[in-house]
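So that the names make sense, note that chain A is the first sequence line, chain B the second, and so on, each numbered from 1.
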2 protein chains.
Amino acid sequence: MTLAEVAKAAGVSVGAVSQVLNDNPNSRISPEARARIVAAARDLGYRPNMIARTLRTSRSHTFGFVSDAVTITRFASGILRGALAAARAEGYFLLIAETAGDARQEEEAIASLADRGVDGIVFAAMKSRSSGTHATRGIPTVNVNLAGDGGATSILPDEHAGGRTAVRTLVEAGHRGGIALVGHDFRLPVDGGIALTARRRFAGIADEMAAHGLDFTDQQACADWQPEQGYAAARRMLRRGSVTALLCLNDRLAFGAYQAVTEAGLRIPEDVSVISFDDDELATALRPGLTTVAIPHERMGALAIEALTSPAEPAVEVLVPMPIHVRASVAAPPAART
Amino acid sequence: MTLAEVAKAAGVSVGAVSQVLNDNPNSRISPEARARIVAAARDLGYRPNMIARTLRTSRSHTFGFVSDAVTITRFASGILRGALAAARAEGYFLLIAETAGDARQEEEAIASLADRGVDGIVFAAMKSRSSGTHATRGIPTVNVNLAGDGGATSILPDEHAGGRTAVRTLVEAGHRGGIALVGHDFRLPVDGGIALTARRRFAGIADEMAAHGLDFTDQQACADWQPEQGYAAARRMLRRGSVTALLCLNDRLAFGAYQAVTEAGLRIPEDVSVISFDDDELATALRPGLTTVAIPHERMGALAIEALTSPAEPAVEVLVPMPIHVRASVAAPPAART
DNA sequence: ATTCGGCGATATAACGTTGTACCTTGCCCA
DNA sequence: TGGGCAAGGTACAACGTTATATCGCCGAAT
C-alpha cells in the first residue's frame with residue numbers, strides 16, 4: 001500500500017504517482033498515464049503514509065490542543081468538540097495534552113507536540129489568565145478563553161455584550177427595579193485575582209444597568225460561584241423583600257438561588273425571575289428551565305482552528321457573541337402583571 | 001537539533017549518537033565517547049524527531065482515542081482524562097476523533113489514525129452497544145464502556161456489583177422496606193434496546209434485593225432517564241405513601257426526585273433517602289449532597305491505556321469496581337429512628 | 001543532417017532516524 | 001610473523017514521501 005506498489009501496478013515511476021495523486025500543477029504527465037495511476041491507486045486502496053509525508057514536507061496536518069486541567073472536564077469540553085469538528089472538516093487531527101495549569105507540564109507538553117511536528121497549537125483555558133504567552137518554538141498558536149499578551153490570537157466570549165444581554169433581557173421583560181445581583185458587589189474594590197472575562201461581564205452588566213438608569217436593589221459578592229453560595233446569598237436577599245429578579249453570575253449560583261426561592265415559598269418566574277450565565281448542564285436540568293447567557297464553547301473551538309488554518313491572521317482578540325438561551329425562568333415582575 | 005549536529009559536536013558518527021541515546025544494549029561505544037555524546041546532546045538541547053523515528057521504527061508512541069459523539073461531552077470526559085494521564089505517564093500522546101456513532105465516520109477515523117501510524121486505538125462509548133468490533137487493520141484495540149464481540153479487551157464498570165452496592169447501602173442504613181425504584185420496572189418485559197451495562201445494573205439490584213428477602217414497594221420505568229421523568233415518577237410514588245427510600249437509576253432521575261420530595265413537603269434524608277448512580281456533576285450540586293454509585297470514568301480510561309501498553313493481554317472483559325460516593329442523602333428510615 | 005525545444009516521464013536526493021554490516025586498529029597467541 | 005579476535009566505531013540502507021534535476025525522444029526549425 002505504498003507509492004511504489006501503485007507505481008508498479010500502473011507501470012510508472014514513484015515520482016509520477018506522487019505528482020498525479022497530489023495534483024502537482026507543474027507536472028507533465030499524460031492523461032493516459034494519469035488515468036492508469038488514479039485507477040491503480042483506487043484499486044489498491046492506496047492511502048498516503050502521513051508519517052513519511054510529514055517527514056518530507058514538515059507539515060503534519062495535526063494540531064496540538066493544550067488545556068489546563070479544567071478544560072477537559074465538564075466545563076469546556078465544548079471547546080474541544082468544536083475544535084475537533086472544525087479540524088476534521090479541514091483534514092486535521094488533534095493531539096491533546098493536559099497541563100494541570102502547571103508551567104513545567106506545559107513546557108513539556110509543548111516540547112512533545114513540537115517533537116511530533118504539530119502545525120499549530122490551541123491553548124484552551126478555563127479561567128482567562130492574563131498571561132497567555134507560551135514558548136512555542138515558532139509554532140503558530142491560538143488562545144481560547146485565555147487573553148494573550150499580544151503574540152497570538154485570542155478567542156474570547158464577548159462577555160461585555162453578554163453582560164448587557166442579561167440585563168436587557170430582564171428590562172425587556174418589564175423589570176425596572178427589584179433586581180438583585182448574585183455573585184458580585186460593585187461597591188467592593190475590584191479583586192485583582194478575578195478573571196479577565198469575569199471583569200468584562202461585570203462591566204457589561206454595569207453599563208446596561210446604567211443605560212436604563214437602574215441600580216441594583218441588592219448585590220452580594222460570593223467567594224466561590226458554587227450552589228451553596230448562591231443559596232445563601234439569594235436567601236438573604238429574599239428575606240429583605242422587594243426582590244423580583246435575581247441576576248446570577250453563573251448557573252451554579254442560580255442553582256442555589258432556585259433552592260432559596262423555592263424554600264421561601266416563591267415561584268419562578270411568577271414571583272421571582274432568575275437569569276444567569278454559562279448555559280451549564282444544570283440549566284437544562286432545572287425546573288423551570290433556566291434562562292442563561294451561554295458561553296459559546298463549540299464556536300470558540302471552531303474559531304480557534306480556523307485561526308490556525310487560515311493564513312496570517314493578525315494577532316487580535318476575537319470576541320465571540322454569547323447567545324442567550326431563553327427557557328422559562330424570566331417573566332414580567334408581579335407588579336407589572338395584569 | 002538533529003542527530004547529525006550532535007554527532008558533529010561530539011566528533012562521532014550519527015549512528016554512534018543514536019546508539020548511545022537509545023541505550024542500545026548491543027552497542028560497543030567507549031565510556032569516553034558516550035560521555036561526549038551525552039554532553040553534546042544535553043548542551044544542544046537535542047530532542048529526537050518523533051516523525052523520523054516513527055517512520056523508521058513504525059512505532060509512533062501515539063494512541064488513537066475514538067468516541068461516539070457523546071463521550072466528549074459531559075458524561076465521559078473522565079474517560080479521556082484518565083486515558084490522557086495514563087498515556088502521558090508512559091510517554092504516549094492521544095490523537096482524538098469523534099464519530100457521532102456513525103459507522104462511516106468511524107471507518108474514516110480509523111483509516112486516518114492508521115495513516116498517522118497510531119500504536120493502538122481506544123474506542124470509548126456512552127452506551128454499551130453490543131457490537132464492539134471495528135475494522136482496525138491490525139491495530140491493537142481496547143473498548144471502553146463498550147462490550148466487545150470477543151476480538152478486543154473491554155473495559156466496563158462492574159455494574160452488577162454496583163447495583164448490589166446501592167441496595168446494600170440502603171439496607172445497611174436500616175431500610176427493610178419502603179424502597180421504590182425510579183427508572184425501571186422489573187415486572188415489565190426486558191426492552192431489547194437497553195444498554196448492556198444498564199441490564200447488569202438491574203440484575204445487581206435485583207440480586208441484592210433478593211439476598212435480603214426484599215421487594216420494591218413501588219417501581220416505575222422511565223423512557224428517558226431525565227429529571228422530568230424522575231420528578232413525575234417520584235411524585236406518584238410519594239403520593240401513595242409508605243415510601244422511605246428512592247433508588248434512582250441515575251443522577252438525573254434523582255435530581256427530579258429531589259424536587260418531588262421537596263414539593264411533597266418531605267425532607268431528604270430524614271423522611272426519604274435517595275440513592276442513585278453515575279456521580280454526575282449534579283450529585284455535588286444538589287443539597288443535601290447525593291449519595292451515588294459512581295461510574296469510575298477516569299480509572300476506566302487509565303485501564304484502557306494500560307491494556308494497550310502492557311503486552312498481549314488476553315481479550316477479556318475488565319470489570320472496574322464502582323465506588324460509592326457517600327454524601328448526605330441516605331439515612332435510617334423514619335420508623336427505625338429513635 | 002544536425003540542433004533545438006518541449007513534452008513525458010524518470011532518477012535522485014533529501015527529511016531524521018535506526019539497525020546491521022562492515023571496517024579499522026591493536027593485541028594476543030600460535 | 002601472520003592470523004584471529006575483540007573492541008570501538010563508521011558506513012550504508014531503509015522507512016515512504018516529495019521536489020528538483022535530468023534524461024530520452026520526437027517533431028520542427030536551421
Report task. Provide, to the nearest angstrom, the distance between the CZ atom belonging to B/R28 and the P atom belonging to D/dA6. Result -> 11 Å
Query raised in the report: Given C/dT10, C/dT17, D/dG16, which nucleotide is nearest the side-chain atoms of A/L55?
Result: D/dG16
Report task. Please tell me which of the listed nucleotides, D/dG9, D/dT10, D/dG16, lies nearest to the side chain of A/N49? Result -> D/dG16
Report task. Rounded to the nearest angstrom, tell me the gap between atom CZ in A/R36 and atom C1' in C/dG8. Result -> 11 Å
Query raised in the report: Between atom CD of B/E107 and atom OG of B/S112, what is the distance when rounded to the nearest 0.5 Å?
Result: 11.0 Å
Query raised in the report: Across the strands shown, which category fits A/R53 at heavy-atom distances under 4.0 angstrom: base, sugar-phosphate, nothing?
Result: sugar-phosphate
**Report entry** Euclidean distance, atom CD1 of residue A/I29 to atom P of C/dC7 [Å, nearest integer]
**Finding:** 13 Å
Query raised in the report: Do the non-hydrogen side-chain atoms of A/I295 and A/M322 ever get within less than 4.5 Å of each other?
Result: yes
Query raised in the report: Are side-chain heavy atoms of B/V122 and B/V144 found at a separation under 4.5 Å?
Result: yes
Query raised in the report: Got a second to check how far A/L319's CG is from A/R200's CZ, nearest 0.5 Å?
Result: 6.0 Å
Query raised in the report: Counting side-chain heavy atoms from C-beta on, which of D/dG8, C/dT17, C/dA9 comes nearest to B/V14?
Result: C/dT17
Query raised in the report: Pick from B/L95, B/I121, B/L84, B/I79: which one makes a side chain to side chain contact (heavy atoms under 4.5 Å, CB included) with B/F65?
Result: B/I79
Query raised in the report: A/N22 has an atom CG; how far is it from atom P of C/dA9, in whole Å?
Result: 17 Å
Query raised in the report: Atom CZ of B/R47 and atom C1' of C/dG16: how far apart are they, to the nearest Å?
Result: 15 Å
Report task. Please check the phosphate of D/dC15 (OP1 and OP2 only) for any side-chain N or O of B/T57 closer than 4.0 Å. Result -> no
Report task. Would you indicate which nucleotide in D/dT10, C/dT10, C/dA9 comes nearest to any side-chain atom of A/Q19? Result -> C/dT10
**Report entry** Euclidean distance, atom CG of residue A/L21 to atom P of D/dG16 [Å, nearest integer]
**Finding:** 16 Å
Query raised in the report: Which whole-number value in Å describes the distance from A/L3 CG to D/dC15 P?
Result: 13 Å
Query raised in the report: When you measure from the side chain of A/T2, which nucleotide among C/dT17, C/dG8, D/dT17 comes out closest?
Result: D/dT17
Requested in this report: Take atom CZ of B/R59 and atom P of D/dC15, then tell me their distance rounded to the nearest Å.
Outcome: 19 Å
Report summary line: Among C/dT17, D/dT17, D/dT10, the one nearest any side-chain atom of B/A52 is C/dT17
